[in-house]
Engineer: 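Handing you this structure, nothing more for now.
Protein chains get the first letters and strands the later ones, always in sequence-line order, with residue 1 at the start of each. Remember, predicted model here, so these are calculated numbers, not experimental data.
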Number of protein chains: 2
Amino acid sequence: MDHAAEPDPVLIRLREGFERVALVLRADLWAAAGGAGLNPAQAQVLALLAARPAGLRPKAIAAHLAVSAPSMADTLSALERKQLLQRTPDPADARAVIARLTEEGGALGRTLASATSHVMAALARLSADEQADLLLTQIKLIRTLQRAGAIPLQRMCVSCRHFRPNAHAGEAQPHHCAFVNAPIGTRDLRLDCGEHEAADPEVQAATWTSFADGSPPLQAQAET
Amino acid sequence: MDHAAEPDPVLIRLREGFERVALVLRADLWAAAGGAGLNPAQAQVLALLAARPAGLRPKAIAAHLAVSAPSMADTLSALERKQLLQRTPDPADARAVIARLTEEGGALGRTLASATSHVMAALARLSADEQADLLLTQIKLIRTLQRAGAIPLQRMCVSCRHFRPNAHAGEAQPHHCAFVNAPIGTRDLRLDCGEHEAADPEVQAATWTSFADGSPPLQAQAET
DNA sequence: CTCTTATTGTTAGGAGTCCTAATTATAGGG
DNA sequence: CCCTATAATTAGGACTCCTAACAATAAGAG
């Protein structure tokens, strides 16, 4: 049994730090949602689906927000009652449905997704370098959590077919997005890009190595 | 003021990053609490009070966990029913009560506060430098949130009477804690120290300036 | 082609969080 | 002493959130 091994204290402190921020995020969410007659769970669904015009299955939404499928069914019913969301059968699978926002729901979701908050005000007071470093650290954490199965697949640049790490090594915007065909800096890296297309696993691994090392791009990144 | 001004996109991305981590934290909390027959709200109270042997007033607990006082009364009653917590009158104020954990509650709270989690496993994969930088960034964010009134006063080293920033400038552990009379490094900085005693506001401001600048300790400095 | 097993979504039932508003009691200043 | 502020709780209600059970469809094995 490995129950005697106390974790490194710094890990507990870092978790505590995230917990403090999370509490503020939740309070911010209550404030933003409350003005629209919603609660945090409903607001989270709206914000998530606002970035997914094609809709998502209830099970996927539940996985993204880390609640059970029945809990999500409750929340989806509440949103449907408020005319902010619509459930339609999935033509590809007669068991499944697809949840999409109505026009009104989409507008509200976009508002919520870009609403200011105490946390963003605090983040704004960091230097540009600190912001970039923090984003980079978050990407590393999210990638680890994703590989551990703690969260579903995210639509991050670093796993995208269109991403070319260090294509412009040494410059302020060292990376490149082949979709928009433009250089991008660390601060521009998306955590949830609407144009994301997952690269093949081997390509992803190579991309990550190049990205994390700061090494020049590997050759032969064929656009399958 | 800031009317109609869209926030800097990087701020939204950083907030999204915190949101992803917060979802995992919540899932981890369910997992840790569920094993003990608790829910996240109860587990948070237990973890908070485990670090406060002297107890805390319900209103203060509610403020720390960012819920309303009536919500906290619900949760405290649930914990009292489970014999994990006790409410006693506050001798200093006949209106108030003090909530303390029972022995059993304290043991459970300490277990929860140091329980491992997916988030900590992910944090463990960062380099030591990244961990230190992240902790530093968190401290800055928490301080800003505190000053904005978004969270109650925290028991962080940087606001403590015993803290001497850069007392050993240039060394691996540049700071000093006069309480334990030992040098401390960035990784050792507490977010919630049981021995914390708030320094005077002017001293705090000077301490912060010295800390953030990396400059040697000075007396009597003006704030930002 | 049929039988089994897995998957998707929902309902059922219940505990408990979370809110606002109102209530009780005490504290503290003019 | 009165009047306002504060601490905590109760009242009432909406809703999240869980597990378990259910119905329907999909997918694979024989």
Engineer: Please report, rounded to the nearest Å, how far the P atom of dA8(D) is from the CD atom of Glu80(B).
Structural biologist: 13 Å
Engineer: Any carboxylate oxygen within less than 4.0 angstrom of a Lys/Arg side-chain nitrogen, looking at Arg161(B) and Asp200(B)?
Structural biologist: no
Engineer: What contact category does Asp90(B) fall into here, base, sugar-phosphate, or nothing, at under 4.0 angstrom with non-hydrogen atoms?
Structural biologist: nothing
Engineer: Could you check how far CG of Leu65(B) sits from C1' of dT17(C), rounded to whole Å?
Structural biologist: 13 Å
Engineer: Without decimals, in angstroms, what is the distance between Leu38(A) CG and dA14(D) P?
Structural biologist: 16 Å
Engineer: Arg164(A) and Ser210(A): side-chain donor and acceptor closer than 3.5 Å?
Structural biologist: no
Engineer: Whether Ser71(A) contacts dC18(D) is assessed here as follows: a side-chain N or O lying under 4.0 Å from the phosphate OP1 or OP2. Is that the case?
Structural biologist: yes
Engineer: Under the 3.5 Å rule, do the base of dC15(D) and the side chain of Asp74(A) count as making a donor-acceptor pair?
Structural biologist: no
Engineer: Within the structure shown, what part of the strands sits under 4.0 Å from Ser77(B) by heavy-atom distance: base, sugar-phosphate, or nothing?
Structural biologist: nothing
Engineer: Roughly, in whole Å, what's the span from CE in Met72(B) to P in dT10(D)?
Structural biologist: 15 Å
Engineer: With nearest nucleotide decided by heavy atoms, which residue, Leu76(A) or Ala94(B), maps closer to the 5′ end of DNA chain C?
Structural biologist: Leu76(A)
Engineer: 5'-most contact on DNA chain C: Ala69(A) or Val67(B), nearest heavy atom basis?
Structural biologist: Ala69(A)
Engineer: Measure the distance from CG on Leu79(B) to P on dG16(C) and round it to the nearest whole Å.
Structural biologist: 10 Å
Engineer: Under 4.0 Å between a side-chain N or O of Arg95(B) and OP1 or OP2 of dT9(D)?
Structural biologist: no
Engineer: Would a 4.5 Å heavy-atom cut-off, applied to side chains only, mark Lys82(A) and Leu38(A) as touching?
Structural biologist: yes
Engineer: Given dT17(C), is OP1 or OP2 found less than 4.0 Å from the side-chain N or O atoms of Gln44(B)?
Structural biologist: no
Engineer: Rounding to an integer number of Å, can you tell me how far Lys82(A) NZ sits from dT16(D) C1'?
Structural biologist: 12 Å
Engineer: Give a yes/no answer on whether the side chain of Arg57(B) brings an N or O atom under 4.0 Å of OP1 or OP2 in dT6(D).
Structural biologist: no
Engineer: Tell me yes or no: between the side chains of Arg143(A) and Ser159(A), is some donor less than 3.5 Å from an acceptor?
Structural biologist: no
Engineer: Would you say Thr75(B) reaches dT17(C)'s phosphate, i.e. side-chain N/O to OP1/OP2 under 4.0 Å?
Structural biologist: yes
Engineer: Given dA8(D), is OP1 or OP2 found less than 4.0 Å from the side-chain N or O atoms of Lys59(B)?
Structural biologist: no
Engineer: Rounded to the nearest 0.5 Å, what separation is found between the CZ atom of Arg15(A) and the CG atom of Leu191(B)?
Structural biologist: 11.5 Å
Engineer: Charged N to carboxylate O below 4.0 Å: is that the case for Arg95(B) and Asp90(B)?
Structural biologist: no
Engineer: Once you round it to whole Å, what is the distance between C1' of dC18(C) and CG of Leu29(A)?
Structural biologist: 13 Å
Engineer: Pick the closest DNA chain D nucleotide for Gly37(A) and for Pro70(B) by heavy atoms, then say which residue is nearer the 5' end.
Structural biologist: Pro70(B)
Engineer: Could you check whether Asn39(B) gets within reach of a base, just the sugar-phosphate, or nothing at all, counting any heavy atom under 4.0 Å?
Structural biologist: sugar-phosphate
Engineer: Rounded off to whole Å, could you give me the CG-to-C1' distance for the Asp93(A) and dA27(D) pair?
Structural biologist: 11 Å
Engineer: Give a yes/no on whether any side-chain N or O of Gln42(A) is located under 4.0 angstrom from OP1 or OP2 of dA14(D).
Structural biologist: no
Engineer: Quick check on dG16(C): is either OP1 or OP2 less than 4.0 Å from any side-chain nitrogen or oxygen of Arg81(B)?
Structural biologist: yes
